[in-house]
2 protein chains.
Amino acid sequence: MEQKLSTRQKRILKFIEAFIGNNGYPPTIREIGEAVEIASTSVVNYNLNKLVEYGLLARSPEVSRGLRLVGGESPKEVPFKVVDITHLVQIPLVGKIAASAPVPLPGEDFGYYYDDDDIIDVPQGMLGKHRQSDLFALRVTGDSMIDAMVADGDVIVLERQNIARNGDMVAVFLPERGETTLKKYYLEGSQVRLQPANPTMDPIYVDADKISVQGRVLAVLRTLH
Amino acid sequence: MEQKLSTRQKRILKFIEAFIGNNGYPPTIREIGEAVEIASTSVVNYNLNKLVEYGLLARSPEVSRGLRLVGGESPKEVPFKVVDITHLVQIPLVGKIAASAPVPLPGEDFGYYYDDDDIIDVPQGMLGKHRQSDLFALRVTGDSMIDAMVADGDVIVLERQNIARNGDMVAVFLPERGETTLKKYYLEGSQVRLQPANPTMDPIYVDADKISVQGRVLAVLRTLH
DNA sequence: CTTGACACAGAACATGAGTTCGGTCTATAA
DNA sequence: TTATAGACCGAACTCATGTTCTGTGTCAAG
């Protein structure tokens, strides 16, 4: 059964989900309208009734906030699922990363000592589930990471981690070369194959005990202007 | 921690819990009063405020059914900070982009089937200030955009726009070649220089009237795993 | 006994919020 | 062309619902 929801209707559903997750109770028609950019309450009402037709929503007539999501999923799980989507994780931007230096790791002793501009917000659902204290971000300076498809000015979000599993994109420091790179990690015998994200470029091979994994890359964020 | 809840307050808590479980939204003051046999709404209000004092309940003033059960734990350190949803921008993921086809723009009836997750949340501060309705996102398929430092699977956020200013990163469709690319835009006389983001690659030059700007790139999002 | 905090009742009040209705716009069918 | 239906807007309407106020009765401290 293929239900073609309009973009608005999808946004409405998503918003209701998120709102309930954040507030514990459903939104009003007007709150939905504001969030989804619908000027008239009647239009929101109109689309809500559509969603009821499609069996995605339940409404209690004449009841404020009388909405309930009734998708195929178990309704019990909704609030938790939503939490993942709508929560923002605050990640400290602890410094810059360049090929010529090891990754600056967040200070352990002094914990939270960053000013406001050094914290970036990321929707929790965009990353997986991780201990927030293990997350940190770095701004890339220079073009040395182009083989990792990472440009000057990009922000990368990392999870602090000393080991890696095959296929992980990791930040590794190579003491022999005295440089840091972002590569995909593949352990092959006693050697490690470090594969650039750019498929046109060749991997490098290093002894497994001669590299230092600094963290696993979870996301790359690039904003223009 | 002793909590000397009156029988009424216990019944209220119990009822709220049951009501939310049954209906998906919290009860009104009057519904509580009826269930717990309290004659006056003010008394219900009175006891609800007591429960808030005890840290067992959260209320949103002037909000219908603005109740939320909250654990008895101390509100000291919440692992994830709850943020107002209005700080998130909801952007429709309207389709895929590949070198071989023009950009699918929102509103064009492509008969698209929208999934549950073709809306992405982005912190408002990450983009600039834009009309939300002008924003859309595309998922990149294939490695054809590597010269723009965009990898397979990346999501790009665009602002719908037909013109471009020098230096803008834009999605342009080249009718002559029948392909779409992401390039930096520089108008030079009657020609346009399209500069790849990757500094090691060379620009291409096209007649200004032979290109079609589809939108301006605001951000590139890449998640691993 | 008086005082005051506490729990409660009842009713009026103000506004939050669902509903309804007339009208516009666009696309498609007749 | 006209007609019809879907999606939308704006405003009015009405009830649902939170808030506030005055006033009871109880009970323990003074």
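Note that the structure is predicted; figures quoted are calculated from it, not measured. Lettering follows sequence order; numbering is per chain, from 1. For the numbers below, each heavy atom of this structure counts, side chains included, while hydrogens, waters and symmetry mates do not.
In this view, A/Arg30 and A/Thr28, A/Thr41 satisfy the side chain to side chain contact (heavy atoms under 4.5 Å, CB included) rule, not counting sequence neighbours. Residues passing the side-chain hydrogen bond (donor to acceptor under 3.5 Å, both in side chains) test with B/Thr7, sequence neighbours excluded: none.
Taken residue by residue, residues 33-41 of chain B places heavy atoms nearer than 4.0 Å to DNA chain C at B/Ile38, B/Ala39, B/Ser40, B/Thr41. Annotation: proximity of residues 44-51 of chain A to DNA chain D (heavy atom, distance under 4.0 Å) is found for A/Tyr46, A/Asn47, A/Lys50, numbered in ascending order.
To the nearest 0.5 Å, atom CE of residue B/Met145 and atom CD1 of residue B/Ile156 are 6.5 Å apart.
Side-chain atoms of A/Arg65 come within 3.5 Å of backbone atoms of B/Ser64 as a donor-acceptor pair (strictly under, hydrogens ignored).
A heavy-atom distance below 4.5 Å is not found between the side chains of A/Val155 and A/Val140. Considering only heavy atoms from C-beta on, B/Thr223 stays 4.5 Å or farther from A/Val157 through its side chain. Taking 4.5 Å as the limit, every side-chain heavy atom of B/Ile32 sits out of range of all side-chain heavy atoms of B/Ile38. A/Val217 is not listed as a side-chain neighbour of A/Asp168, based on a closest heavy-atom distance of 4.5 Å or more.
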TODO: Evaluate the criterion side-chain hydrogen bond (donor to acceptor under 3.5 Å, both in side chains) for residue pair A/Asn45 and A/Arg59; output intermediate values, then yes/no.
DONE: CA-CA 11 Å; A/Asn45 189 54; A/Arg59 298 188 73 184; 2.8 Å; yes
- [ ] Begin from the C-alpha positions of B/Arg8 and B/Glu37 and carry the test side-chain contact (heavy atoms from CB on, under 4.5 Å) through to its verdict.
- [x] CA-CA 9 Å; B/Arg8 272 192 165 173; B/Glu37 298 171 300; 5.9 Å; no
Could you go through nucleotides 13-17 of chain C and list every protein N or O atom that sits under 3.5 Å from one of its N or O atoms, giving the distance for each pair?
from   : atom 1 : to      : atom 2 : distance (Å)
C/dA17 : OP1    : A/Arg65 : NE     : 3.1
C/dA17 : OP1    : A/Arg65 : NH2    : 2.5
C/dA17 : OP1    : B/Ser64 : N      : 3.2

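Looking at B/Lys183, B/Lys184, B/Met169, B/Met201 one by one, the single match for side chain to side chain contact (heavy atoms under 4.5 Å, CB included) with B/Gln195 turns out to be B/Lys184.
Protein chain B contacts DNA chain D over a range whose 5' and 3' limits, counting nucleotides with an atom under 4.0 angstrom from a non-hydrogen atom, are D/dT17 to D/dC21.
Between B/Asp121 and A/Lys14, at least one side-chain nitrogen of the basic residue sits less than 4.0 Å from a carboxylate oxygen of the acidic one, meeting the salt-bridge criterion.
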